[in-house]
Amino acid sequence: MAAELVRGQNHPLTQTCLEIRVSAGHPVVAGATLADDRGAVRATDRIAHPGAPTLPGLEVPRLAAADHRLAVDLDAMPHDVHRVAVLLALPVGGGGPVRFGAAAAPFLAVTGPDGTEQASYTITDLDTESAVVALELYRRQGAWKVRAVGQGYAEGLAALLADQGLPDAQAVAGAIHDAVSDGRDRAATPSSRTSDETHVRAAATAGHASGALPPTTPSPPASPPGGPVDYTHPGRRQPPPSAPAQRPAPPVAGDATGWTPEERLYNQVWGMFEDLARTTAAYRGAVEFADSRLEQELDQALSDPRGRLGGAGDAAREAARAKHGDLVDRAREALDRDLAQLTAEAEVVDPALPAAYAGWDSPCWHAYRSPSEPAMAVRIGELSLPESESVGLRVPMLVRLPLERGLWIDAGASAADSLTDADALRARAAHTAVLHAARLLAAYPAGEFSVHVIDPAGAAAGALAPLVDAGVLAGPPAGGAAGVAETLTRLTERVDLVQMAVRAGAADALPADLDVAEQLLIVHDFPHGFDDRSITRLRYLADEGPRVGVHLMLVADREDAAEYGPLLDPLWRALLRLTPVPDDHLADPWVGHAWTYEPSLVPQGSGILRDVLAEVAEARRERGL
């Protein structure tokens, strides 16, 4: 059964030879890009458009038209193509609408070569946009799916192509519009028409308004005006019978792309995160659509005074509610299917994760040894949504190394932890910071990551004990105003020296006693013990430090920091806020879900933290550090 998609929803494809039909009600330009597993279009030869309509496995129309047909053969795609994005844009200077919101909503249907519809999507809620990514065909665990995207761009086609990572996006967009304009001019001049363009006009006269470039392979004569039209792709006059729908392939750990097992697992985890975001957005969008449709139909039934009483009105209302229930049930069925697949994948992936990616309860930590190379990323917690909590699905939250942003461990109360004792919450925040620092130490080879601590009042002595007892800190925790100033001065001077050496290309001129390892500064109970000068230096470290290997981790209550007014706002915005208790404050970049973040904690009674830090300290001693 064909699926009517809403924005963000995906649907499995049972065939690889496809036709994508576009109906816009007004002339649009149609094209498609071929992207890698990260969604990036790396070269101009990976986009099919009116000026270059044919790529391996892909053919798009040459002219702007109200109706289009794009031919796609997924089996013929280059092996490194993982996503095919279908693009629509309004032509420039064609006399038509200049924004999608001023015309009928575009409709797209994905069909098999025999015309069987697999999925359809109407792009709603467009306004000032003049270009849109309509659909995306993407490969997941060896199987192809279609996703309704509907991402519009008010800045036009150039902005769309730039967002996909295409080099020289402005020039490519200009070439596309020029090709459309040239085709329009030729169509308006009978003497300049080529035989191919005459074929297009003849097909359009017969009712074939696809606007696609006529095939180069021989084709039968066009049907006479008013006669039946053969829409079958000329290169596939006798398509093979449709294959029956197959079950999804069993999940395999590390089946994503990448050069190393670690990179493949990293890409797979974030693929799971993206899939969970998309499928949840599709479910919520479908329920919202069903609710809106129910409200409209009930209003319509009540708008007629004759239908407010009697059997006709009751029947209309009952039918509207039944339709609403059917739509919600279908959306829930699709969500449950995707959640089951993601849960099965998580059950396979979690045991295969290396220590840097794994939870503290993973058996791999018991065999931990100091690595010879830095990890690609590190786990700082788990992410979930209310829909995924029903099946216990949580996705690891991984951040790339070296850190591009510092961390703010929020020690203040929020709506999620309003019943937590304030002192207990601060202690838990300090403990969480220690766990993050231990993970970072364990992710780097011995001596390539140093940790400094500022604890002005000594309030975190208990939480810091594992780091202090293991001897893995660069020095004792700094206390008091003098300790704060001395530590900040030393690190800001390091940032200045390394920056000057990098700009001058004179890294060999750095002092021999300079610690060139990555540096982490943990500041507890911020901003207590800090004066204006110290805060200025801390902001400098937050802005300039990550580029030369100096990173921040603040343990602070936002309300306590508010007394400094706007001075600390840039610092707050520059750091990634994490919480010591579950809290739904993180948003994804695709659909903006409020994700529940939960820190990765050591199991109660486990000595794994002590054992890992002991191994880090032993590796440092072996290297004479």
Side-chain angles (χ1 to χ4, degrees), residues 1-16 18-25 28 30 32-33 35 39 67-70 72 74 82-88 100 104-112 115-126 129 131-141 143-152 242 245 248 271 274-294 296 323-342 385 387 588 590-593:
M1 183 176 65
E4 297 181 11
L5 304 180
V6 296
R7 180 170 296 171
Q9 190 173 8
N10 62 58
H11 185 73
L13 295 171
T14 59
Q15 297 171 301
T16 55
L18 304 168
E19 187 174 68
I20 301 175
R21 302 179 182 180
V22 181
S23 178
V28 296
T33 58
D67 299 284
H68 288 296
R69 298 183 181 225
L70 290 73
V72 180
L74 297 174
H82 288 258
R83 302 186 187 187
V84 181
V86 177
L87 321 176
L88 302 179
F100 277 107
F107 171 81
L108 295 94
V110 180
T111 69
T116 302
E117 184 175 305
Q118 298 199 33
S120 63
Y121 174 43
T122 301
I123 311 177
T124 57
D125 300 328
L126 294 178
E129 298 87 347
V132 61
V133 179
L135 290 176
E136 180 183 69
L137 312 179
Y138 67 102
R139 183 159 46 193
R140 183 88 170 104
Q141 293 184 349
W144 284 92
K145 294 184 176 183
V146 57
R147 175 183 289 132
V149 180
Q151 176 64 54
S242 302
E274 182 179 350
D275 281 354
L276 180 55
R278 299 290 193 186
T279 192
T280 304
Y283 170 72
R284 293 178 181 178
V287 172
E288 183 180 350
F289 170 76
D291 292 343
S292 174
R293 183 170 178 175
L294 173 62
Q296 292 176 1
K323 192 179 300 182
H324 172 269
D326 180 62
L327 289 174
V328 172
D329 289 344
R330 287 167 56 188
R332 186 71 214 191
E333 181 182 353
L335 175 67
D336 290 342
R337 178 198 66 210
D338 291 342
L339 288 178
Q341 183 176 348
L342 286 170
L385 293 168
E387 290 81 358
D588 65 75
W590 298 288
V591 290
H593 288 317

Is the side chain of [X] donor-acceptor paired with the backbone N or O of [Y] at a distance under 3.5 Å, no angle test?
| X | Y | answer |
| --- | --- | --- |
| Q118 | T14 | yes |
| T279 | D275 | no |
| H68 | V22 | no |
| R278 | V149 | no |

When rounded to the nearest 0.5 angstrom, what distance separates OH in Y283 from CG in L385?
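One gets 12.5 Å once the value is rounded to the nearest 0.5 Å.
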Rounded to the nearest 0.5 Å, how far does OG of S120 lie from CG of L108?
9.0 Å
Non-hydrogen side-chain atoms of [X] and [Y] separated by less than 4.5 Å:
| X | Y | result |
| --- | --- | --- |
| R337 | P12 | yes |
| F289 | T124 | no |
| Y121 | R7 | yes |
| D338 | L276 | no |
| L327 | R330 | yes |
| Y138 | H82 | no |
| L137 | L18 | yes |
| K323 | L294 | no |

Cationic N near anionic O, under 4.0 Å, R284 to E387
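E387 and R284: salt-bridged.
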Does a salt bridge link E274 with R83, judged by any charged N lying under 4.0 Å from a carboxylate O?
yes
State, to 0.1 Å, how close [X] and [Y] come at their nearest heavy-atom pair, and which atoms those are.
| X | Y | value |
| --- | --- | --- |
| F100 | A131 | CE1-N, 3.7 Å |
| A148 | L135 | CA-CD2, 4.0 Å |
| L5 | A119 | CD1-CB, 4.1 Å |
| V6 | A286 | CG2-N, 3.8 Å |
| L126 | G152 | CD2-CA, 4.5 Å |
| E117 | A109 | OE1-CB, 3.9 Å |

Verdict with reasoning, E129 to I123, per side-chain contact (heavy atoms from CB on, under 4.5 Å):
CA-CA 12 Å; E129 298 87 347; I123 311 177; over 6 Å; no
Among Q9, E136, H11, R140, which residue meets the side chain to side chain contact (heavy atoms under 4.5 Å, CB included) test with R147?
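Only match with R147 under side chain to side chain contact (heavy atoms under 4.5 Å, CB included): E136.
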